[in-house]
Structure formats: C-alpha cells, structure tokens
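What follows is one structure encoded as structure tokens, with my remarks underneath.
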Amino acid sequence: AKQEGRNTYRLYRAEMHVRDHHHLALETALRNTAETGEGLDVHYQPLIDRDTGEVRGAEALLRWHSAEFGVVSPGDFIPLAERSGLILPIGRRLMHLVAGQLRAWRLAGLTPPRVAINLSARQFWQGDLIAEVCQLYADYDLPPGQLGFELTESTLLDQHQQAAATLKALRELGCDIAIDDFGTGYSSLSYLQELPVTTLKIDRSFVRGLGQSRGSGAILAAVTGLARELGLRVVAEGVETPEQLEALRAYHVTLIQGFLTGRPAGAEAFEERYLREPQT
Ligand code: C2E
Ligand code: CA
Ligand code: CA
Ligand code: CA
C-alpha cells in the first residue's frame, strides 16, 4: 500500500508538472493577446422582455481564440487573467471593443440596447475606473444610458464606503449596476440598502432548480420580493427551457437572459437578429 501511495504521489506530481506547464504556456499566450489584442472578440447575449419579446439590454461576453490553443473558454482564461493581473489590460480592450461596436451601430442608424460589461474585483478596485469609463463615453460619443456593469457580491463587500462612492460615480454617468450571480454569495443582504445598485441577476443555479427543488422557488420568491421592495430590476439568468420560462411567471420575473431567448452571438449575428429584425 505504501508503494502504491508513492506511485500515486509520483503520478500526481507528474500531472501537476504537466498542468503547471500548460498554465504557464497559456498565461504566456494570454499575455501576448493582452498586448496585441489578437484573438479577442466579444459576444453579445440579449436580455429579453418575456411579455413583449423586446430586447431590453445585452451582456458583453469575452471570447478568446488563441492561435496556439484554439478557443479557450472564459471559465478557463478569466480566472487566469484575474490571478495574473492580465484582466486589467484585457478588460480595457474589451471596453474599447464594446464601445467601438456601439458607436458603429449608432453611426449606422441602429439603436443598440444598453450593453453590460462584467467587471472583476481587480478592475473595480483599480484607481482609475471612473476616469476610464468617462473617457470611453467621450471617445466613442455614447449616450449616458448606453453602458452597464455587472459585479459580484464578493467584489462589493470588501469596503462598502469606497464601493458606494465608485458605484455612485458610475450611476451619475448613467450606467446600470447589476449584481451578478445573485444569491450565490454568503453575504447578508443589508449592503443592498447602502449601495446604489439597480439590477439583480438571479444566478442560473436557481433557475435550473425551478420545478425540481423547492428551495429554488423559495429563494426566487424571496429575491423577487426583496427586489420589489427596494425598487430593483430582476433578471433571470440561464433560462434554457419553456418550462423554466413559464415557472418564472409566478415570480413576476419578466427580464430573461438564457439560451432559450438568445445565445451569445458575435456582433454581426447580434445585429442581424436583434437590431435589424422588426420587433414584434
Ligand atoms: P457570467 O457573467 O455569469 O455570464 C453568463 C454566462 O452564462 C456566460 O458564459 C453565458 O454564455 C452563459 N449562459 C447564458 N445563458 C445560458 C443558459 O441558458 N445556460 C447556460 N448553461 N449558460 C448560459 P461565458 O460566456 O462562458 O462566461 C463565463 C463567465 O466568464 C461569466 O459568467 C463571467 O463571470 C466571465 N466573463 C465573461 N466575459 C467577461 C469579461 O469580459 N470580463 C470579466 N471580468 N469576466 C467575464
Ligand atoms: Ca455577468
Ligand atoms: Ca451571471
Ligand atoms: Ca458567473
């Protein structure tokens, strides 16, 4: 058994080695991408009003096609970017890609909806976020309501006062502020009273549980009740089936984001589907 243990350990070490090596190579590739912007792209996923079918917003989702590794999922490269600090230059690139696209759409006479950008803690807490966002509005000639930001609870909980000041500045620029993956943090809810947020995005784990586990329904009822009291918008994430969509009706959730109502799509496809089609 001892021998076996040692072999397992060796194997483990070997795997670690391969994995570390892979991580290093991936990080090097990501560093290149951060510098050149090559292979970075943005997909847009619509937020749909369930009752009218209207597009009420979109979320910008980063895509990375590495020359070396092919398509790498955000679930893999975002954490790496956060750990290495590369999220700062990459996030900056994303903002410019989004703002440039919005400007192009507007110049083409189209009316793009508000686009929400995900912010990692590091991006939120860097000193010059507000200056950067200001500059973005100016450089790309965007109207106040054009951008939104999504943050997780854990990002905001660290330092309330400072978070509140930054969020207030973003609100003054006309930005929507959403709490992402709402309900998955361990936090108390009192911070919602103190921070000028506008939207709660209910994590898809609760949507998935609808009709399967009682708990999900209870949490949905609690969150939507709370949102109503506080005057916040609610978005249900990860809606995949007509049954889930129907079940959400009971909780009066009308804003839907999920594969059922629209998958993330490249700018061109998004434009075709949501900005040029006559809305019914
Ligand atoms: P998120 O912010 O919660 O984004 C929603 C994720 O859910 C996206 O995954 C989207 O493709 C996926 N999704 C949407 N509808 C459905 C559905 O009906 N079913 C299922 N199963 N999934 C659905 P994606 O694009 O792989 O992004 C994963 C995460 O990576 C995001 O989670 C976000 O935390 C992060 N991320 C993506 N882009 C950025 C970015 O530009 N900056 C930062 N900081 N993080 C980003
Ligand atoms: Ca998000
Ligand atoms: Ca989310
Ligand atoms: Ca997430």
Side-chain angles (χ1 to χ4, degrees), residues 30 33-34 37 39-48 50 55 57-65 71-101 114-126 129 132-133 136 147-156 175-185 197-210 223 233-245 247-248 253 255-267 269-270:
L30 195 60
T33 297
L40 283 185
D41 192 16
V42 185
H43 278 193
Y44 299 85
Q45 185 177 28
L47 262 76
I48 302 289
R50 196 215 30 220
V55 179
E59 177 174 4
L61 295 161
L62 201 51
R63 293 294 177 259
W64 180 31
H65 190 156
V71 173
V72 185
S73 118
D76 291 328
F77 75 82
I78 296 283
L80 183 61
E82 285 170 346
R83 274 201 307 278
S84 59
L86 289 170
I87 194 69
L88 291 179
I90 287 173
R92 205 167 290 133
R93 284 193 179 278
L94 172 104
M95 286 199 220
H96 282 271
L97 286 171
V98 169
Q101 185 61 61
R114 186 200 318 271
V115 173
I117 290 172
N118 290 286
L119 287 182
S120 298
R122 265 178 120 127
Q123 294 173 276
F124 182 74
W125 289 109
Q126 68 167 307
L129 176 68
E132 252 181 55
V133 174
L136 215 56
L147 293 178
F149 293 96
E150 299 190 358
L151 299 125
T152 59
E153 294 170 284
S154 61
T155 297
L156 297 174
C175 299
D176 184 77
I177 307 291
I179 307 294
D180 209 354
D181 306 339
F182 188 75
T184 59
V197 305
T198 49
T199 305
L200 301 181
K201 297 190 79 175
I202 300 179
D203 190 67
R204 69 165 167 272
S205 55
F206 303 116
V207 173
R208 197 187 305 125
L210 272 183
V223 169
R233 235 187 328 248
V234 173
V235 176
E237 289 195 280
V239 179
E240 294 180 348
T241 69
E243 290 75 23
Q244 289 167 345
L245 186 68
L248 285 165
V253 179
L255 286 176
I256 307 292
Q257 182 181 351
F259 292 168
L260 180 70
T261 44
R263 289 186 175 258
F270 185 86

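Since the model is a prediction, treat every value here as computed from it, not as a measurement. Hydrogens, waters and symmetry mates play no part in the numbers below; they use all other heavy atoms, side chains included. For ligands, and for the atoms within them, numbers begin at 1 and follow the listed sequence. Counting from 1, the numbers follow the sequence of the chain as shown.
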query: So what does the Glu59 OE2 - the Ca ion (ligand 2) - Asn118 OD1 angle come to, to 10°?
result: 90°

message: Using a 4.0 Å cutoff against the non-hydrogen atoms of Glu59, which atoms of ligand 1 qualify?
response: 2 (O), 4 (O)

- prompt: Looking only at N/O atoms, are Ser120 and ligand 1 under 3.5 Å apart anywhere?
  reply: yes

- request: Give yes or no for whether the N/O distance cutoff of 3.5 Å, strictly under, is met between Gln257 and ligand 1.
  value: no

field: Glu82 bridged to Arg122 by N-O distance under 4.0 Å
entry: no

query: Side chain of Thr261, backbone of Ile48: donor and acceptor closer than 3.5 Å?
result: no

- line: Taking only non-hydrogen atoms of Pro264 and a 4.0 Å limit, the atoms of ligand 1 in range are 11 (O)

query: For ligand 1, is any non-hydrogen atom under 4.0 Å from Asn118's backbone (N, CA, C, O), its side chain (CB onward), both, or neither?
result: both

- line: Asp181 OD1 to Glu237 OE1 via the Ca ion (ligand 3), rounded to 10°, gives 100°

- prompt: Got a second to check how far Leu151's CG is from Gln123's CD, nearest 0.5 Å?
  reply: 9.0 Å

- prompt: Is there a side-chain contact between Arg50 and Leu245 (heavy atoms, below 4.5 Å)?
  reply: yes

- prompt: Can you check whether Asp180 has an N/O within less than 3.5 Å of an N/O in ligand 1?
  reply: yes

message: Under a 3.5 Å distance rule, please check whether Ser73 uses its side chain to pair with a backbone N or O of Gly75 as donor and acceptor.
response: yes

message: Below 4.0 Å from ligand 1: does a non-hydrogen atom of Lys201 turn up there or not?
response: no

- prompt: In terms of the angle between their ring planes, are Phe270 and Tyr44 parallel, tilted or perpendicular, with boundaries placed at 30° and 60°?
  reply: tilted

field: Proximity winner for atom 21 (N) of ligand 1, if only heavy atoms of Gln244, Glu240, Met95 are counted
entry: Glu240

task: Please name the residue in the list Leu255, Thr152, Ile179, Val235 that meets the side chain to side chain contact (heavy atoms under 4.5 Å, CB included) test with Lys201.
output: Val235

field: Which of the ligand 1 atoms, numbered from 1, are nearer than 4.0 Å to a heavy atom of Gly258
entry: 15 (N), 18 (O)

query: Arg233: what forms a salt bridge (Lys or Arg N to Asp or Glu O under 4.0 Å) with it, not counting sequence neighbours?
result: Asp176

- prompt: Which of the atoms of ligand 1 are close to Gln123, meaning less than 4.0 Å from one of its heavy atoms?
  reply: 44 (N)

message: Tell me if a side-chain donor or acceptor on Arg93 pairs with a main-chain N or O of Ala34 at a distance below 3.5 Å.
response: yes

Ligand 1 atoms in contact with Val239 (distance to a heavy atom under 4.0 Å): 18 (O)

task: For the residue pair Glu237 and Asp181, establish whether any side-chain heavy-atom pair is separated by less than 4.5 Å.
output: yes

field: Arg263 touching ligand 1 at heavy-atom level, < 4.0 angstrom
entry: no

Interfacing atoms of ligand 1 (cut-off 4.0 Å, heavy-atom, Asp181): 3 (O)

query: So which N/O/S atom does Asp180 have closest to the Ca ion (ligand 2)?
result: OD2

query: Mind checking whether the Ca ion (ligand 3) has an N, O or S of Glu150 under 3.0 Å?
result: no

- prompt: For the side chain of Arg263 and the backbone of Gln45, is there at least one donor-acceptor N/O pair under 3.5 Å apart?
  reply: no

message: Could you check whether any heavy atom of Arg63 sits closer than 4.0 Å to an atom of ligand 1, since that is the contact criterion I want to use?
response: yes

query: With a cut-off of 4.0 Å, which atoms of ligand 1 are near a heavy atom of Gln45?
result: 14 (C), 15 (N)

- request: Given side-chain contact (heavy atoms from CB on, under 4.5 Å), test Trp125 with Thr155 step by step and report yes or no.
  value: CA-CA 8 Å; Trp125 289 109; Thr155 297; 3.9 Å; yes

message: If you measure every N or O of Leu94 against every N or O of ligand 1, does any of those distances drop under 3.5 Å?
response: no

field: Heavy-atom gap Gly238 to ligand 1 smaller than 4.0 Å
entry: yes

message: Main chain of Glu240, side chain of Gln244: is a donor-acceptor contact present, judged purely on distance under 3.5 Å?
response: yes

